[in-house]
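Reviewing the structure listed below.
Remember, it's 1-based here, ligands and their atoms both numbered in the order they're listed. Keep in mind the model is a prediction, meaning the values are calculated, not measured. Position 1 is the first residue of the sequence; numbering continues from there.
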Amino acid sequence: APIELTYFPVRGRGNAMKLIMYDQGVEWTDKVVTIEEWMKGDLKKTCLFGQLPKLKDGDLVLYQSNAILRHLARKHGLYGKDGKEAALIDMMNDSIEDLRVKYLRMIYQEYETGKEKYIKELPGHLCYFEAILAKCPSGFLVGDKISFADYNLYDFLVVQKILCCKCLDNFPSLKGYVDKIGSRPKVKAFMESDSCTKLPVNGNGKQ
Ligand code: GSH
């Protein structure tokens with residue numbers, strides 16, 4: 001049976017895993033849960049931590065977006081060539097998660113009052129990834145191959161550009177990275193497809 005992804009009709013935490021599945025040629029079905037359906041509460045009660053996304057792969061049922069990314073990575077060779085690379089990829093992904101949490105806090109809790117400050121502070125966070133990528137001849141975060149952290153960072157950076165189109169202007173390596181990953185034929189096709197463009201970036205309509 002194909003993998004089944006249950007999530008809200010937003011890009012949010014779902015897009016990076018969809019990108020991986022699309023780019024890696026994984027078959028999956030989308031189970032879209034509207035907010036109205038969710039508000040009824042029945043599905044929430046069945047979710048291990050009361051939240052989505054949820055990924056069903058055979059008899060494995062997974063919650064937590066980063067655990068889902070890692071599961072897909074293990075299955076599809078997106079977790080480095082050895083334990084050392086895997087550790088470094090985990091480290092990168094944790095840092096992306098830190099930034100994602102900051103972004104989501106601003107979007108959901110203080111968009112009106114905190115957006116300008118967030119945009120002002122963003123270069124101070126992105127500069128670390130700029131320095132990392134400037135030193136990577138492969139153009140990926142770790143090693144010679146794309147990893148789940150690359151899909152996650154790419155997705156995050158695209159969303160930052162939606163917030164502030166100039167945010168990568170002083171970061172040539174990050175710009176080149178977004179262009180490079182974004183020009184992978186299936187990544188490009190997915191990002192231009194209805195599955196991505198028809199969805200709001202976030203659940204509250206802010207972006
Ligand atoms: N750490 C979790 C993950 O990475 O999957 C966070 C999951 C999360 O925040 N889910 C939100 C949710 O289910 C949507 S992105 N909200 C509805 C609710 O909490 O009732």
Arg13: numbered ligand 1 atoms lying under 4.0 Å from its heavy atoms:
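Selected atoms, number and element: 3 (C), 4 (O), 6 (C).
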Going by the atom numbers of ligand 1, which of them fall below 4.0 Å from some non-hydrogen atom of Pro53?
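Ligand 1 atoms under the 4.0 Å threshold to Pro53: 5 (O).
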Residues in salt bridge (charged side-chain N to carboxylate O under 4.0 Å, His left out) contact with Lys161, at least two apart in sequence or another chain
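Result, salt bridge (charged side-chain N to carboxylate O under 4.0 Å, His left out) vs Lys161: none returned.
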Select one of side chain, backbone, both or neither to describe which atoms of Phe49 lie under 4.0 Å from any atom of ligand 1, heavy atoms only.
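Neither; no heavy atom under 4.0 Å.
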Just to be sure I'm reading this right: ignoring hydrogens, which of [options] gets closest to [atom]? Compare them by their nearest heavy atoms.
| atom | options | result |
| --- | --- | --- |
| atom 17 (C) of ligand 1 | Trp38, Tyr7, Tyr63 | Trp38 |
| atom 18 (C) of ligand 1 | Arg11, Gln64, Lys44 | Lys44 |
| atom 6 (C) of ligand 1 | Arg100, Gln51, Glu97, Lys54 | Gln51 |

Quick one: look up the protein heavy atom nearest atom 13 (O) of ligand 1 and list residue, atom name and how far away it is.
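It is Leu52 N, 2.9 Å.
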Protein heavy atom at shortest distance from atom 4 (O) of ligand 1:
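Sorting protein heavy atoms by distance from atom 4 (O) of ligand 1 puts Ser65 OG, 2.6 Å first.
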Would Lys180 and Tyr154 count as a cation-pi pair here, with the cationic atom under 6.0 angstrom from the ring centre and within 45° of the axis?
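Cation-pi check for Lys180 and Tyr154: fails.
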Tyr128 atom OH: more than 12 heavy-atom contacts under 6.0 Å:
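No, the 6.0 Å shell around OH holds no more than 12 heavy atoms from other groups.
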Identify the two heavy atoms, one from Phe8 and one from Val32, that lie closest to each other, and give their separation to 0.1 Å.
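For Phe8 versus Val32, the nearest heavy atoms are C-CG1, 4.3 Å.
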In terms of side-chain geometry, is the basic nitrogen of Asp30 or Lys54 positioned less than 4.0 Å from the acidic oxygen of its partner?
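The answer is no: the pair does not qualify as a salt bridge.
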With salt bridge (Lys or Arg N to Asp or Glu O under 4.0 Å) as the test, pick out the partner of Asp155 among Lys18, Arg100, Arg13.
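Of Lys18, Arg100, Arg13, salt bridge (Lys or Arg N to Asp or Glu O under 4.0 Å) with Asp155 is met by Arg100 alone.
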